[in-house]
Colleague: 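After the structure tokens below, expect a handful of questions from me.
All values reported here derive from a predicted model rather than from experimental measurement.
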Amino acid sequence: MERQVLEEVLKKFDSDESVTKLLDISIEPALKKGENYMSDIIRVKTNVVLGNGRTIKRSFIIKKKIEGYVMNDVAKELDIFRLEAMMYNVVLKEMEYIMKEFEDTGEVIWCQLYDQGPTFLLMEDLKASGYILADRKTGLGLEDGQYILHNLARYHAMAKVLEVRELITKGMVKPFIVLNNRPFIKGIIHSGMVTFSKAIKESWGSSWEDVAEKINIPFDTLCERLKELGKLDETKFNVLNHGDVWPNNIMMKYNWKNKPVALKILDWQLSHYNSCCFDVMFFLFYSIMPSIRRSNLELLLKCYHGSLIQSLDKFGYTGKKPTLEDLTLEFERVSFLGYCLYCSEFPALVTDLMDGYDIGGVMDDGSEGGYSMDVYKDERLIDKIGPDIRIFAEKFL
């Protein structure tokens with residue numbers, strides 16, 4: 001086929017598939033109230049006319065600032081819309097070029113950003129393409145966990161290559177809010193640990209009293225330990241982390257055998273530069289069923305490490321690569337944060353009880369508000385995360 005003919009064919013195809021007219025529009029919430037802490041997520045459904053005259057349905061997601069919301073100060077400090085737009089327009093776009101450069105035929109793990117402003121993002125509606133949100137209450141199984149870790153490692157490898165090429169720098173993002181923002185630590189983590197400590201004393205039995213005392217860490221002590229944990233160590237394998245890899249930010253597509261075949265990670269607004277194990281730890285503690293994580297931790301870390309090394313080699317990275325032992329030791333170090341979250345926010349996120357977690361109350365009322373005592377008195381937690389709480393008390397407190 002001659003070049004001119006091919007050019008005309010491609011132009012006609014683009015014209016036929018392009019939108020020429022918007023017929024109607026409807027708007028509905030894309031998530032339940034409280035499912036996203038820093039933004040309103042809205043689904044926009046439309047009927048449009050294409051260049052070839054056909055009428056089809058199209059849907060989009062609008063992510064916008066919540067006016068008058070208690071988390072606005074945090075969102076403003078992080079400049080979340082600017083940061084997320086930068087991740088899509090610079091970092092993730094450059095990763096797409098890297099994949100093409102090295103003929104990586106794998107799927108990208110992010111959705112498409114169409115437009116953005118100071119207080120909104122217009123994005124691809126993944127639900128319309130068959131993706132479903134992961135179940136945060138049940139947690140993910142081993143196969144899903146391995147699939148996500150494999151792809152998370154690919155992302156980290158590409159981030160490292162972009163860093164070497166000086167296309168991204170650690171100065172592009174702010175330090176991890178979970179480790180450095182005192183109001184956030186006080187509201188989300190410390191208030192939960194205070195509530196959990198009281199609940200354990202009241203309902204878990206005398207054998208748990210020493211654990212209850214230990215997890216009631218003084219606020220200033222907790223802040224110092226988290227700040228120390230987040231200090232950048234140049235000897236570690238540091239990357240641009242996503243920062244919030246948990247079920248509410250994970251959408252998966254499955255085949256007819258219910259096997260995962262595609263993955264999208266959402267909400268790139270907490271991206272930060274630090275040890276790659278922060279993303280790995282955050283995902284394993286928040287997303288995998290606790291019993292599966294405990295019994296398969298070595299396998300899960302091997303899965304991530306194998307994919308990381310393979311991807312670094314594929315994308316031409318020639319710097320120092322972490323060994324599996326390096327990764328395991330680093331995971332153990334940063335897991336202090338994971339255990340803190342297990343003693344605070346995690347039970348309220350996975351509870352079956354209604355109104356177990358009021359983000360406004362947590363951030364407004366400080367150490368005594370927001371969390372329901374009934375959540376932490378649930379005897380099912382003893383089997384679900386009790387072993388982790390004991391490990392926390394024995395190893396770190």
Side-chain angles (χ1 to χ4, degrees), residues 1-25 44-63 82 84-117 120-131 147 150-169 172 240 251-256 260-266 268 307 310-319:
M1 180 179 290
E2 295 181 3
R3 176 176 176 174
Q4 183 177 357
V5 175
L6 178 58
E7 183 177 335
E8 291 301 319
V9 169
L10 293 176
K11 285 181 179 179
K12 182 178 185 304
F13 176 81
D14 286 341
S15 175
D16 286 347
E17 295 299 314
S18 65
V19 174
T20 60
K21 186 177 182 180
L22 178 65
L23 296 178
D24 54 59
I25 182 173
V44 179
K45 295 182 176 181
T46 69
N47 283 307
V48 300
V49 179
L50 299 181
N52 59 15
R54 292 181 180 274
T55 300
I56 65 168
K57 298 181 183 296
R58 294 283 300 274
S59 62
F60 309 90
I61 293 294
I62 295 179
K63 186 176 183 178
R82 180 205 62 80
E84 189 160 18
M86 182 276 292
M87 287 296 296
Y88 277 103
N89 292 325
V90 179
V91 177
L92 302 179
K93 180 61 68 176
E94 290 293 341
M95 288 185 179
E96 291 185 34
Y97 291 137
I98 284 180
M99 291 172 66
K100 292 174 183 177
E101 177 184 344
F102 290 95
E103 299 181 328
D104 183 337
T105 58
E107 295 283 340
V108 299
I109 63 168
W110 49 88
C111 67
Q112 183 174 351
L113 175 69
Y114 296 118
D115 194 14
Q116 81 271 348
F120 80 92
L121 300 171
L122 178 64
M123 314 172 80
E124 175 185 8
D125 183 7
L126 294 169
K127 184 178 178 181
S129 301
Y131 287 85
Y147 184 78
H150 167 75
N151 283 281
L152 182 62
R154 290 176 61 237
Y155 162 75
H156 284 165
M158 286 187 279
K160 199 64 181 176
V161 172
L162 289 180
E163 181 187 339
V164 170
R165 296 183 179 186
E166 298 183 347
L167 293 170
I168 62 174
T169 66
M172 294 170 67
L240 187 61
M251 296 191 74
M252 307 271 281
K253 185 185 286 189
Y254 296 87
N255 66 10
W256 64 283
V261 294
L263 159 73
K264 303 293 181 186
I265 298 178
L266 313 175
W268 298 82
S307 178
Q310 181 185 51
S311 298
L312 288 169
D313 291 340
K314 181 182 182 72
F315 298 127
Y317 178 74
T318 58

Colleague: Using a strict threshold of under 4.0 Å (side-chain N to carboxylate O), is an ion pair present between K63 and E84?
Modeller: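 Answer for the salt bridge query: yes.
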Colleague: Please assess M251 against L266 for the test side chain to side chain contact (heavy atoms under 4.5 Å, CB included), listing each intermediate value before the final yes or no.
Modeller: CA-CA 8 Å; M251 296 191 74; L266 313 175; 3.9 Å; yes
Colleague: Rounded to the nearest 0.5 Å, what separates atom NE2 in H156 from atom OG in S307?
Modeller: 10.5 Å
Colleague: To the closest 0.5 Å, what do you measure between CD (E103) and NZ (K314)?
Modeller: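 Between E103 CD and K314 NZ, I get 8.0 Å after rounding to 0.5 Å.
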Colleague: Search all heavy atoms of M123 against all heavy atoms of C111 and return the closest pair with its distance.
Modeller: CE-SG, 3.8 Å
Colleague: What closest approach, in Å, do A262 and Y131 show between heavy atoms, and which atom pair accounts for it?
Modeller: CB-OH, 3.4 Å
Colleague: So W110 and E96, side chain to side chain contact (heavy atoms under 4.5 Å, CB included) or not? Walk me through it.
Modeller: CA-CA 10 Å; W110 49 88; E96 291 185 34; 3.2 Å; yes
Colleague: For the CG atom of L152 and the CD1 atom of I109, what is their distance to the nearest 0.5 Å?
Modeller: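 Answer rounded to 0.5 Å: 6.5 Å.
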Colleague: If you compare all heavy atoms of L122 against all heavy atoms of L113, which two are closest, and at what distance to 0.1 Å?
Modeller: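 Heavy-atom minimum between the residues: O-CD1, 3.4 Å.
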Colleague: Is there side-chain contact between V19 and L50, with heavy atoms separated by less than 4.5 Å?
Modeller: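 Yes. Closest side-chain heavy atoms under 4.5 Å.
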Colleague: Identify the heavy atoms of A85 and Q116 that sit nearest to each other, and give their distance.
Modeller: CB-CG, 3.7 Å
Colleague: Is a donor on one side and an acceptor on the other found under 3.5 Å between the side chain of E163 and the backbone of I168?
Modeller: no
Colleague: Just wondering, do M158 and L162 contact through their side chains at under 4.5 Å, heavy atoms?
Modeller: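 No; the side chains remain at least 4.5 Å from each other.
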Colleague: May I ask you to test the L126-K253 pair for a side-chain heavy-atom distance under 4.5 Å?
Modeller: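 A side-chain contact is absent here, since even the closest heavy-atom pair is not under 4.5 Å.
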Colleague: Given 3.5 Å as the limit, does a donor-acceptor pair link the side chain of Y88 with the main chain of D115, or not?
Modeller: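 Side chain of Y88 to backbone of D115, a donor-acceptor pair under 3.5 Å: no, none is there.
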Colleague: How close do A157 and S311 get, counting heavy atoms only, and between which atoms?
Modeller: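 Closest approach of A157 to S311: CB-CB, 3.5 Å.
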Colleague: Can you check side chain to side chain contact (heavy atoms under 4.5 Å, CB included) on R154 and H150, steps first, answer last?
Modeller: CA-CA 7 Å; R154 290 176 61 237; H150 167 75; 3.9 Å; yes
Colleague: More than 12 heavy atoms of other residues, nucleotides or ligands under 6.0 Å from OH of Y114: yes or no?
Modeller: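 Yes, OH of Y114 has more than 12 neighbouring heavy atoms, counting only those of other groups under 6.0 Å.
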Colleague: Less than 4.5 Å apart, side chain to side chain, heavy atoms only: is that true for K11 and E7?
Modeller: yes
Colleague: Give a yes or no on whether K45 atom NZ has more than 12 heavy-atom contacts from other residues, nucleotides or ligands under 6.0 Å away.
Modeller: no
Colleague: Within a strict 4.5 Å, meaning less than it, do heavy atoms of the L240 and M172 side chains meet?
Modeller: no
Colleague: For the CE atom of M252 and the CD1 atom of I265, what is their distance to the nearest 0.5 Å?
Modeller: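 With rounding to 0.5 Å, CE (M252) is 9.5 Å from CD1 (I265).
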Colleague: Look up atom CG in N47 and atom NZ in K57, then write down how far apart they are to the nearest 0.5 Å.
Modeller: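 If I round to the nearest 0.5 Å, the distance is 4.5 Å.
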Colleague: Would you say E94 and R165 make side-chain contact, with heavy atoms under 4.5 Å?
Modeller: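 SC-SC contact between E94 and R165 ruled out.
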Colleague: So, the side chain of T46 versus the backbone of R58: is there a donor-acceptor pair under 3.5 Å, distance only?
Modeller: yes
Colleague: Rounded to the nearest 0.5 Å, what separates atom CG in N52 from atom OG1 in T20?
Modeller: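 Here the interatomic distance stands at 8.5 Å.
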Colleague: Dump the intermediate steps for side chain to side chain contact (heavy atoms under 4.5 Å, CB included) on L92 and W268, then the final yes or no.
Modeller: CA-CA 10 Å; L92 302 179; W268 298 82; 4.0 Å; yes
